[in-house]
2 protein chains.
Amino acid sequence: MINFTDELRVHNLKATPQRLAISDAMFTHRHINIDALYTIMLKKFNSISLATIYKNINLMLQNSFIQEVKIPNNKSVYELTKKVHSHLVCQTCNEVSDIDLELQTVLDEAQAQSDFLVSKTDLVLSGICKKCR
Amino acid sequence: MINFTDELRVHNLKATPQRLAISDAMFTHRHINIDALYTIMLKKFNSISLATIYKNINLMLQNSFIQEVKIPNNKSVYELTKKVHSHLVCQTCNEVSDIDLELQTVLDEAQAQSDFLVSKTDLVLSGICKKCR
DNA sequence: CTCTGTGCAAAGCGTTTGCAAACGA
DNA sequence: TCGTTTGCAAACGCTTTGCACAGAG
């Protein structure tokens with residue numbers, strides 16, 4: 001269990017118990033959607049409001065403390081901001097996991113082809129995980 | 001202006017005037033979101049309902065006649081199903097365009113690293129397009 | 001002490017549903 | 001003709017807002 005007080009402050013977010021718990025849930029679950037987060041939060045704060053969850057998620061997104069990952073055919077999940085990486089999504093168990101892939105060659109090709117200045121890359125690979133095969 | 005009657009039938013969709021118009025709008029605009037589509041449709045059918053748009057979009061998605069592209073920080077856009085490709089999104093003008101990138105190496109690396117059976121790849125590159133620079 | 005965050009209730013917005021009439025094949 | 005689609009209105013579910021009180025710094 002990590003203490004996220006300083007991490008929050010670095011992103012200009014006051015360290016309230018609710019925010020620390022959200023940070024903790026994201027650290028533990030890696031990728032989590034709003035519903036699952038709300039369920040977890042209810043165990044620690046029996047009268048927490050969904051509005052509080054949404055307000056904090058939105059602030060944390062604005063301050064880049066967390067990131068949204070849009071999943072094909074499913075709800076978005078959220079994760080603590082870390083170094084750039086891609087995602088794997090199992091279409092059977094819906095687990096999302098990180099994967100570190102070398103995309104530089106692809107990005108170079110994209111720049112060359114398109115006259116586009118690429119600043120962000122979102123790669124999601126869907127399929128079936130080892131467990132579900 | 002293409003006649004989409006047969007294309008629709010191939011996907012088990014009756015060729016109604018509304019569906020032909022949706023097909024046409026997608027062909028012309030390449031990538032279009034619900035709002036823009038509704039605006040266009042209203043010009044041809046002054047009493048078309050948003051419910052009709054949604055029902056058709058959902059059917060067309062189920063039957064793989066069209067595909068959804070989830071865009072970071074923005075509404076999803078829809079496109080006619082065509083051969084696999086990636087997407088570029090301009091963060092200034094919001095234009096979405098197709099790009100054909102060689103991803104086999106990356107996919108091989110993913111398979112090797114993850115023990116995952118990858119069946120679908122969604123790559124979205126965000127940045128600034130030539131015009132907006 | 002001051003400003004920000006929380007919880008609640010209500011509002012807002014995009015999407016879906018049920019139904020009767022219209023339409024495609 | 002028969003089954004499907006359309007348009008409308010209502011319902012739904014997720015997200016946001018406004019406000020009074022509580023809490024962080």
Side-chain angles (χ1 to χ4, degrees), chain A residues 3-26 32-63 65-78, chain B residues 3-25 32-63 65-78 94:
Chain A
N3 183 334
F4 282 97
T5 306
D6 295 339
E7 312 279 352
L8 285 166
R9 295 235 179 86
V10 167
H11 292 269
N12 293 307
L13 296 163
K14 280 192 187 175
T16 67
Q18 289 86 344
R19 287 177 186 170
L20 289 168
I22 291 174
S23 309
D24 219 71
M26 289 207 182
I32 194 166
N33 67 31
I34 298 287
D35 292 346
L37 180 59
Y38 183 48
T39 303
I40 290 171
M41 295 294 286
L42 272 177
K43 291 177 188 160
K44 296 193 191 176
F45 307 87
N46 54 28
S47 68
I48 196 176
S49 162
L50 252 179
T52 301
I53 307 273
Y54 278 110
K55 284 171 187 167
N56 281 322
I57 290 288
N58 287 335
L59 264 179
M60 287 172 166
L61 283 171
Q62 281 167 40
N63 298 11
F65 178 67
I66 64 172
Q67 311 232 187
E68 178 178 9
V69 186
K70 293 197 176 191
I71 308 291
N73 313 312
N74 243 310
K75 295 175 186 164
S76 289
V77 296
Y78 300 87
Chain B
N3 182 334
F4 282 97
T5 306
D6 295 339
E7 313 279 353
L8 285 166
R9 294 234 180 87
V10 166
H11 291 270
N12 294 307
L13 296 163
K14 279 193 188 176
T16 67
Q18 289 86 344
R19 287 178 186 169
L20 289 167
I22 290 174
S23 309
D24 220 71
I32 194 166
N33 66 31
I34 298 288
D35 292 347
L37 180 59
Y38 183 48
T39 303
I40 290 171
M41 294 294 286
L42 272 177
K43 290 177 189 160
K44 296 194 190 176
F45 307 87
N46 53 28
S47 67
I48 197 175
S49 161
L50 252 179
T52 300
I53 306 272
Y54 279 110
K55 285 170 186 167
N56 281 322
I57 290 289
N58 287 334
L59 265 178
M60 288 171 166
L61 283 172
Q62 282 165 39
N63 297 11
F65 178 67
I66 64 172
Q67 311 231 185
E68 179 178 8
V69 185
K70 293 197 175 191
I71 308 290
N73 313 312
N74 243 309
K75 295 174 186 165
S76 289
V77 296
Y78 301 86
N94 295 317

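Reminder, nothing fancy here: chain letters follow the sequence lines and each chain counts from 1. Nothing here was measured: the structure is a model prediction, and the numbers come from that model.
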Rounded interatomic separation in angstrom, taking CG from L13(A) and C1' from dC3(C): 15 Å
Value in whole Å for how far the C1' atom of dA25(C) lies from CG of N12(B): 14 Å
Nucleotide nearest T16(B) (side chain, heavy atoms from C-beta), chosen from dA24(D), dG24(C), dT6(D): dT6(D)
Enumerate the protein-to-nucleotides 7-10 of chain C contacts in which both atoms are nitrogen or oxygen and the separation is below 3.5 Å.
residue: dG7(C); atom: OP1; partner: Q18(A); partner atom: NE2; Å: 3.4
residue: dG7(C); atom: OP2; partner: T52(A); partner atom: OG1; Å: 2.9
residue: dG7(C); atom: O6; partner: K55(A); partner atom: NZ; Å: 2.6
residue: dC8(C); atom: OP2; partner: S47(A); partner atom: O; Å: 3.0

Closest contact, heavy atoms only, L20(A) versus T5(A): CD2-N, 3.6 Å
Euclidean distance, atom CG of residue N56(B) to atom P of dC23(C) [Å, nearest integer]: 16 Å
Flag if over 12 foreign heavy atoms under 6.0 Å of CG, N58(A): yes
Separation of dT6(C) C1' from K44(A) NZ (nearest whole Å): 17 Å
Contact list for residues 41-55 of chain A, test salt bridge (Lys or Arg N to Asp or Glu O under 4.0 Å), sequence neighbours left out: none
Earlier contact from the 5' end, DNA chain C, for D35(B) and P17(B): D35(B)
Euclidean distance, L61(B) CG relative to E68(B) CD, rounded to 0.5 Å: 6.5 Å
Any N46(B) side-chain N or O less than 4.0 Å from OP1/OP2 of dG7(D): no
Presence of R9(B) side-chain N/O under 4.0 Å of dG24(C) phosphate oxygens OP1/OP2: no
Length of the line joining I57(B):CD1 and dT6(D):P, which is rounded to integer Å: 12 Å
Which pairs, protein N/O on one side and nucleotides 2-4 of chain D N/O on the other, fall under 3.5 Å?
residue: dT4(D); atom: O4'; partner: K14(B); partner atom: NZ; Å: 3.3

Rounded distance (nearest 0.5 Å) linking atom CZ of F65(A) with atom CG of L59(A): 12.0 Å
Whether over 12 other heavy atoms sit under 6.0 Å from N74(B) CG: yes
Spacing of I71(B) atom CD1 and N94(B) atom CG [to the nearest 0.5 Å]: 9.0 Å
Gap between atoms CD1 and P, on I34(B) and dC13(C) respectively (whole Å): 18 Å
For atom CD1 of I22(B) and atom P of dT6(D), their distance in whole Å: 7 Å
Step-by-step side chain to side chain donor-acceptor pair (under 3.5 Å) determination, T52(B) to Q18(B): CA-CA 8 Å; T52(B) 300; Q18(B) 289 86 344; over 6 Å; no
Integer-rounded Å distance: dT6(D) C1' and L50(B) CG: 13 Å
R19(A) CZ to E7(A) CD distance, which is reported to the nearest 0.5 Å: 15.0 Å
